[in-house]
2 protein chains.
Amino acid sequence: MATIKDVAKLAGVAVSTASYALNNSSKISPGTKRKVIDAAVQLNYQKNGLARDLKLNKTQTIGLILSDLSGPFYSELIKGVQEVTLSNEYDLIACSSLGGYSSTAVKFLKEKRVDGVIVLAANIDDLIIMESVREDFPIVVLDRELTANSIINVSVDNIHGGYLAAKHLLDAGHQDILFVGGPPNSRDNQLRYQGFLNALTEREIHYTPKWNLEGKFTREGGYYTAKMIMMQGKLPSAIFCANDEMAIGAVQAFQESGLQVPFDISVVGFDDIEIVQYMNPPLTTVKQPKYEMGSLAAHLIFQALNGDIPTREYVLPTELIVRNSTISK
Amino acid sequence: MATIKDVAKLAGVAVSTASYALNNSSKISPGTKRKVIDAAVQLNYQKNGLARDLKLNKTQTIGLILSDLSGPFYSELIKGVQEVTLSNEYDLIACSSLGGYSSTAVKFLKEKRVDGVIVLAANIDDLIIMESVREDFPIVVLDRELTANSIINVSVDNIHGGYLAAKHLLDAGHQDILFVGGPPNSRDNQLRYQGFLNALTEREIHYTPKWNLEGKFTREGGYYTAKMIMMQGKLPSAIFCANDEMAIGAVQAFQESGLQVPFDISVVGFDDIEIVQYMNPPLTTVKQPKYEMGSLAAHLIFQALNGDIPTREYVLPTELIVRNSTISK
DNA sequence: AGGGATTATTGAAACGTTTCAACCACAATC
DNA sequence: GATTGTGGTTGAAACGTTTCAATAATCCCT
């Protein structure tokens, strides 16, 4: 591997000259510049980015940590992050938090491999993030509550979202509504449930869940919960699933049992992930402003990088998207 | 930022000792090891990964280059790559080829920031890849044909896939089949078309496309092409879209015009991306072994990294998945 | 008590850059 | 002809690690 030393030697100049020349510094005369560049191409020289970053103490890249690179992760959100990053002439790399303490994510959080980081990964521990705070290293965490000097929180109004979902069903005349929850320790889940309850109490309906409906935030979770519901005899007239994936699973379970959504049971989800508009029936759901979250997160990173200290907390609105999986009673 | 020097000083040892201690070398006595570690936690020391990588000339990470981090990129494929990478105790980072010559992708290809790279990005030029070949730097390119010392090709049997799609329609009695192509300079597109033609000629059907049906590999592409088809008067009895995204757009266009898929027209796609099974109707398509592609690609990287020179070319099989968007005539 | 063998510790070089401060040659100014 | 200036070039230090080779400390045998 040719280094800049080799280039300098071949061009017959000092290594500092070679460096200036390759970075197109105005100090260098056109003649030597040409010599150096010729030498570089002749040796097929490629700069070592690690050395450069180390010296400059700056990587010009920001990291995006996702719970799983392959998951149905919010592609809209990534787009938001990416566009802002690109327009600031930074690089963006995505890595996964899979693997716990020895995951790539931790490596990037701690080892100064990026200039700032956006964390969207519920499976990465708050503790790890707190351990990674250091001066001048902005961290934007999505969907969690964490306070430290350089940490910025961006989240979505889950409570209002849950409220909207429930209100929609109530307005449509449903009385017997069931909340199909995700993991009980998930903050998202709790807040959505909270909003759901708020809507019910507003109508003075007392919600008494007869059994514990909570599963994973996955298709299987929704599927099995729906099976459970059907086994309990009396069907509710509507369910509100804590996320879209669960709703997909639930709808599938109902349909497999010959039930018609929305005629036999209305279903509303949460997230508005891309595929739910292609379902049969298309899913009524609560939309998160995913693109906006992403671009906001990235903007905040750059603001912090530029020395402005942005506000530490942002909550973005949610919106009800009515499709055909719900019907008036 | 505390460096190892600070740790050494605080612990009262030489920096080499500190380094050995932090890396848990057996040379160091338990006593000093403890001292060093205490000092490290007290200073909240975090190692600088760049410095380490530079010194070791090894990053222990492999890069995955995608055409667009946010796209509906093959999440199955990524999963394959990720699992293999993780089990080899390497890190995986994904980056986008958006931005052409100054994209993050190029940075990672050229600047020695990763130990190997997998390229799945049609929009990155062959030339760039060729410029990045260097000894001991394995590059796996997916879905393109490129020969150089350290380049390995992995692709899918597009020809046979196209053949399968066409044969399925022919077997179902369709005579008037239209090929809805993607970008004409796309190799995937060409090969799928080739397979399509092979099936027709096998039945001695001469395919004379009355107009040029080619668009982008996107939903819009399929949508507008379908509109075009409908404007031409006589509807074919089936179409074969060069990828699923286009098929989705086409189905949508047909349905908007009141046509029934598959009763008025059969549609088959290519790729078997996740959402097509949730469409209404679920799409008949040709499945690519995405997971296998990913894990194969990663395996090959590690093989090369271990000094074995693997075969330079791999072609994976495709498979027809019959769903409800096609019907017998 | 002396000498070899073992174990712990350390100084210094190296990885490949960038950049400061010094230097040089030469022209311009008074 | 001495000073000042200028544009071009360079040596050396620095970034934060790891690791070799050398030294220092400890131990065990006779």
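Every value quoted in this text rests on a predicted model; they were computed, and no experiment measured them. Chain naming here is simple, since letters A, B, ... match the order of the sequence lines and numbering starts at 1 in each. Side-chain atoms are counted along with the backbone in the values below, which use heavy atoms only and exclude waters and symmetry mates.
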Colleague: A:Lys5 has a side chain; which of C:dT17, D:dC15, D:dC20 sits nearest to it?
Modeller: C:dT17
Colleague: Return the set of residues passing side chain to side chain donor-acceptor pair (under 3.5 Å) with B:Ser155 (not counting sequence neighbours), or none when no residue passes.
Modeller: none
Colleague: Using a heavy-atom distance cut-off of less than 4.0 Å, which residues of residues 47-59 of chain B contact DNA chain C?
Modeller: B:Leu54, B:Lys55
Colleague: Give A:Ser29 one of three labels, base, sugar-phosphate or nothing, depending on what nucleic acid heavy atoms sit under 4.0 Å from its own.
Modeller: sugar-phosphate
Colleague: Over all strands shown, is B:Thr3 touching base, sugar-phosphate only, or nothing at heavy-atom distances under 4.0 angstrom?
Modeller: sugar-phosphate
Colleague: The side chain of A:Ser16 lies closest to which of these nucleotides: C:dG11, D:dT10, D:dT17?
Modeller: D:dT10
Colleague: Will you find, in the side chains of B:Ser16 and B:Ser19, an N or O donor that is under 3.5 Å from an N or O acceptor?
Modeller: no
Colleague: State which residues pass side chain to side chain donor-acceptor pair (under 3.5 Å) with A:Lys55; sequence neighbours excluded, sorted by chain then number.
Modeller: none
Colleague: Hey, is A:Arg144 close enough to A:Asp126 for a salt bridge, meaning N to O under 4.0 Å?
Modeller: yes
Colleague: Nearest to the side chain of B:Tyr45 - C:dT18, D:dT17, D:dG8?
Modeller: D:dT17
Colleague: Tell me the interatomic distance from A:Lys9, atom NZ, to D:dG11, atom P, rounded to whole angstroms.
Modeller: 13 Å
Colleague: Quick one: B:Ile28 CD1 to D:dT19 P, roughly how many Å, whole number?
Modeller: 13 Å
Colleague: Below the 4.0 Å mark, does D:dT10 have OP1 or OP2 next to a side-chain nitrogen or oxygen of A:Thr17?
Modeller: yes
Colleague: Under a 4.0 Å N-O cut-off, is there an ion pair linking A:Asp53 with A:Lys58?
Modeller: no
Colleague: Whole angstroms only, please: what is the CG-C1' distance between B:Asp6 and D:dT17?
Modeller: 13 Å
Colleague: D:dA24 P sits how many Å from B:Lys27 NZ, rounded?
Modeller: 17 Å
Colleague: Please determine whether a side-chain nitrogen of the Lys or Arg among A:Lys79 and B:Asp68 lies less than 4.0 Å from a carboxylate oxygen of the Asp or Glu.
Modeller: no
Colleague: Heavy atoms only, 4.0 Å cut-off, all strands: where does B:Glu111 land among base, sugar-phosphate and nothing?
Modeller: nothing
